[in-house]
Amino acid sequence: MDLPINRTLATEVILLGFSKHFKINLALFFVFLAIYIVTISGNGFMVCVIIFCSHLHTPMYFFLCNLAFVDFFYSSSTVLKLLVDLLSSSGKTSITVCAIQVYFGIFLGGTECLLLVLMAYDRYVAICKPLHYPILMRWSICFRLIALVWVSSFMTSVVPSLLMPVRVCNPNQMNHFVCEVLVVVKLSCDSTEKNEIVMRFTSFISILFPFVFILLSYACILSSVFKIQSAGRSKAFSTCTSHVTVVTLFYGTALIMYCGPSSKYSPNFGKYISIFYAIIIPMLNPLIYSLKNKEVTKIFLAIKPSSGCCKIKSVFSRE
C-alpha cells in the first residue's frame, strides 16, 4: 500500500516523556525507581509466600498469585524502559521495541481485567454457594479457568492488533512516556477509523463487559450477605474489601482511558492516567492484599531468616 502524500515511513518513535530538563528527569528517575523496587518486592513476596506456604494453597490465593505475577511483569514492561529514557536525552525507541511494549501492555492489562473477574467469581461462589464451593472451585476447574483467562486475553487483545498492524509515519513524536496503543495509532500512515472501531470493540470485550460481570457478582454477594445474621456479615465483607478496592482503582482508570470520550481529554491527560494504572496500581495491589489480609500479614511478621514458618512446596495441592 502506498504512503500518503508528504508522509514518510518512520523507523523509530520519539517519546517526549515528562520534561526536557535533566534535573527534573533525574528526580523522576529516583521516584520511579523507588516505586519499581516496591512493586517487584511486594509482588515477588506475594508469589513466593503463596507458592511456599502450603496452607495458602486455595483457589483465592492461587488467583492472587497470578495477579501478582501479572503486576510484576506489567510494571517491568513499562518502568524499565521509562528509567532508561529518563536518563537519556533523545527518548528514541525503535519501532520493534515499541511494538513489543504495546503487545505486552495490552496483553497483561487484559489478563488483569479477566483475573479480577475470576476473583469476583470465586468470592461469589464462596459467599453465595458455600456448600458447592469445594466442587465448583476444585483444582482441576481452577487450572482450566486460569488457562482460559490467559488464552482469552491473548485472543481479544493481541490477536486483533496483529491482524491490523499499524504503519507509523513521520512526524513520529508521541506525548507519552510509554508506547501506548491509543497514542501509537495516532501516528498511523493510514486512516485510523477501522483501528479505532476495533479498539472500541476490544475495549468493550476486555474492560466493560468484565466490569459489568463483577458488578453483577457483587450485587448477588450483597444480597446474600444481608440475609446473613449481623455477626457473620463483617467476616463476609472482610473477604471482599481488598478485591473491591483493587477493582475500583484498576477499572476506574481503565474505563476512563479506553472507554471514555478521548477527544475531550487534554494531550497530557492520557499520560497521567497511564502512570496510575500501569505503575501505581501494580505497586498498590500487593500492599492492599497484604495489609487487609490477616493470613498474609501474620506470615510477613513471622518471617525470620532462620525460621521455617512455611513448608516449601513448589506445586499447588491437587485434589
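These numbers come from the heavy atoms of this one structure, side chains and all, not from hydrogens, waters or symmetry mates. Because the structure is predicted, anything quoted here is derived from the model rather than measured.
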Is there side-chain contact between Leu28 and Ile24, with heavy atoms separated by less than 4.5 Å?
-> yes
Please collect all disulfide bond (SG atoms under 2.5 Å apart) contacts where either partner lies in residues 91-142, sequence neighbours excluded, each pair once.
-> Cys98-Cys179
Is a donor on one side and an acceptor on the other found under 3.5 Å between the side chain of His57 and the backbone of Ile51?
-> yes
Close side-chain approach of Met283 and Ser75, heavy atoms under 4.5 Å | no
Supply the atom-to-atom distance Ser77 OG to Ile100 CD1, rounded to the nearest 0.5 angstrom.
-> 11.5 Å
Mutual orientation of the aromatic rings belonging to Phe213 and Tyr121 [parallel < 30°, tilted 30-60°, perpendicular > 60°] = tilted
Tyr258 and Ser206: side-chain donor and acceptor closer than 3.5 Å?
-> no
Return the set of residues passing ring-ring contact (aromatic ring centres under 6.0 Å, His included) with Phe276 (not counting sequence neighbours), or none when no residue passes.
-> none
Sidechain-backbone polar pair: Asn172 side chain, Glu12 backbone, donor-acceptor under 3.5 Å | yes
Considering non-hydrogen atoms only, spot the tightest contact between Ser153 and Leu114 and give its length.
-> N-CD1, 3.8 Å
Cluster link Val117 to Leu148, ILVMFWY, side chain under 4.5 Å = no
Are side-chain heavy atoms of Lys81 and Gln101 found at a separation under 4.5 Å?
-> yes
Report the C-alpha separation of Leu215 and Phe211 in whole Å, then their side-chain angles, then the decisive distance to 0.1 Å, and conclude whether the side chain to side chain contact (heavy atoms under 4.5 Å, CB included) test is met.
-> CA-CA 6 Å; Leu215 292 179; Phe211 182 64; 3.7 Å; yes
If you measure from NE2 on His176 to CG on Leu82, what distance do you get to the nearest 0.5 Å?
-> 11.0 Å
Within a radius of less than 6.0 Å around OH of Tyr133, do more than 12 heavy atoms belonging to other residues, nucleotides or ligands occur?
-> yes
Do any N or O atoms from the side chain of Ser188 and from the backbone of Val184 form a donor-acceptor pair under 3.5 angstrom?
-> no
Are any side-chain N or O atoms of Lys129 and backbone N or O atoms of Leu136, one a donor and one an acceptor, separated by less than 3.5 Å?
-> no
Between Arg138 (side chain) and Ile135 (backbone), is there a donor-acceptor pair under 3.5 Å?
-> yes
OG1-CG distance between Thr58 and Leu56, expressed to the nearest 0.5 angstrom | 7.0 Å
Scanning both residues in full, the closest heavy-atom pair of Val13 with Leu187 reads CG1-CD1, 4.2 Å
After noting the C-alpha distance and the side-chain angles of Met174 and Glu180, does the key distance pass the side chain to side chain contact (heavy atoms under 4.5 Å, CB included) rule?
-> CA-CA 9 Å; Met174 294 194 299; Glu180 175 75 46; over 6 Å; no
Would a distance-only check, ignoring hydrogens and angles, find a side-chain to backbone donor-acceptor pair under 3.5 Å from Ser76 to Phe72?
-> yes
Considering the options Ile127, Val244, Leu216, which one meets the side-chain contact (heavy atoms from CB on, under 4.5 Å) requirement together with Ile221?
-> Ile127
Euclidean distance, Thr111 OG1 relative to Ile106 CD1, rounded to 0.5 Å = 10.5 Å
For Tyr124, look at atom OH and say whether over 12 heavy atoms of other residues, nucleotides or ligands are found less than 6.0 Å away.
-> no
Kindly work out whether a path of hydrophobic side-chain contacts (I/L/V/M/F/W/Y, heavy atoms less than 4.5 Å apart) joins Leu33 to Leu15.
-> yes
Decide whether Val38 and Phe45 are clustered together by the hydrophobic rule: side chain heavy atoms of Ile, Leu, Val, Met, Phe, Trp, Tyr closer than 4.5 Å, transitively.
-> yes
Over 60° means perpendicular and under 30° means parallel, so classify the ring planes of Phe250 and Tyr277, tilted if in between.
-> perpendicular
Non-hydrogen atoms of Val47 and Phe69 that approach each other most closely | CG2-N, 4.0 Å
Shortest non-hydrogen pair, Ala68 vs Met46, comes out as CB-CB, 4.0 Å
Determine whether the side chains of His243 and Tyr218 contain a donor N or O and an acceptor N or O closer than 3.5 Å.
-> yes
Find the distance between CG (Leu80) and CG (Asp85) and round it off to the nearest 0.5 Å.
-> 11.0 Å
Take the angle between the ring planes of Phe177 and Phe18 and call it parallel below 30°, perpendicular above 60°, tilted in between.
-> parallel
What distance separates Leu118 CG from Leu67 CG, expressed to the nearest 0.5 Å?
-> 11.0 Å
ILVMFWY cluster, Val159 and Phe107 together (side-chain gap under 4.5 Å) = yes
Side chain to side chain contact (heavy atoms under 4.5 Å, CB included) between Val183 and Asn175, worked out | CA-CA 8 Å; Val183 184; Asn175 184 20; over 6 Å; no
For Leu115 and Phe63, the nearest pair of non-hydrogen atoms, with its separation, is CD2-O, 4.4 Å
Are Ile95 and Leu16 connected in a single hydrophobic cluster, I mean Ile/Leu/Val/Met/Phe/Trp/Tyr linked by side-chain heavy atoms less than 4.5 Å apart?
-> no
Given Leu108, which of Asp71, Thr78, Val70 fulfils the side-chain contact (heavy atoms from CB on, under 4.5 Å) condition?
-> Val70
Check the angle between the aromatic planes of Phe204 and Phe209 and answer parallel, tilted or perpendicular using the 30° and 60° thresholds.
-> tilted
Is there side-chain contact between Ser157 and Tyr103, with at least one heavy-atom pair below 4.5 Å?
-> no
Which atoms form the tightest heavy-atom contact between Ser19 and Asn25, and what is the distance?
-> O-ND2, 2.9 Å
Is any side-chain heavy atom of Leu255 less than 4.5 Å from a side-chain heavy atom of Leu208?
-> yes
Kindly indicate, with the supporting measurements, whether the criterion ring pair (Phe, Tyr, Trp, His ring centres under 6.0 Å) is fulfilled by Trp139 and Phe143.
-> CA-CA 6 Å; Trp139 281 116; Phe143 290 134; 5.6 Å; yes
Ring pair (Phe, Tyr, Trp, His ring centres under 6.0 Å) between Phe104 and Phe73, intermediate numbers included | CA-CA 9 Å; Phe104 265 94; Phe73 286 99; 8.2 Å; no
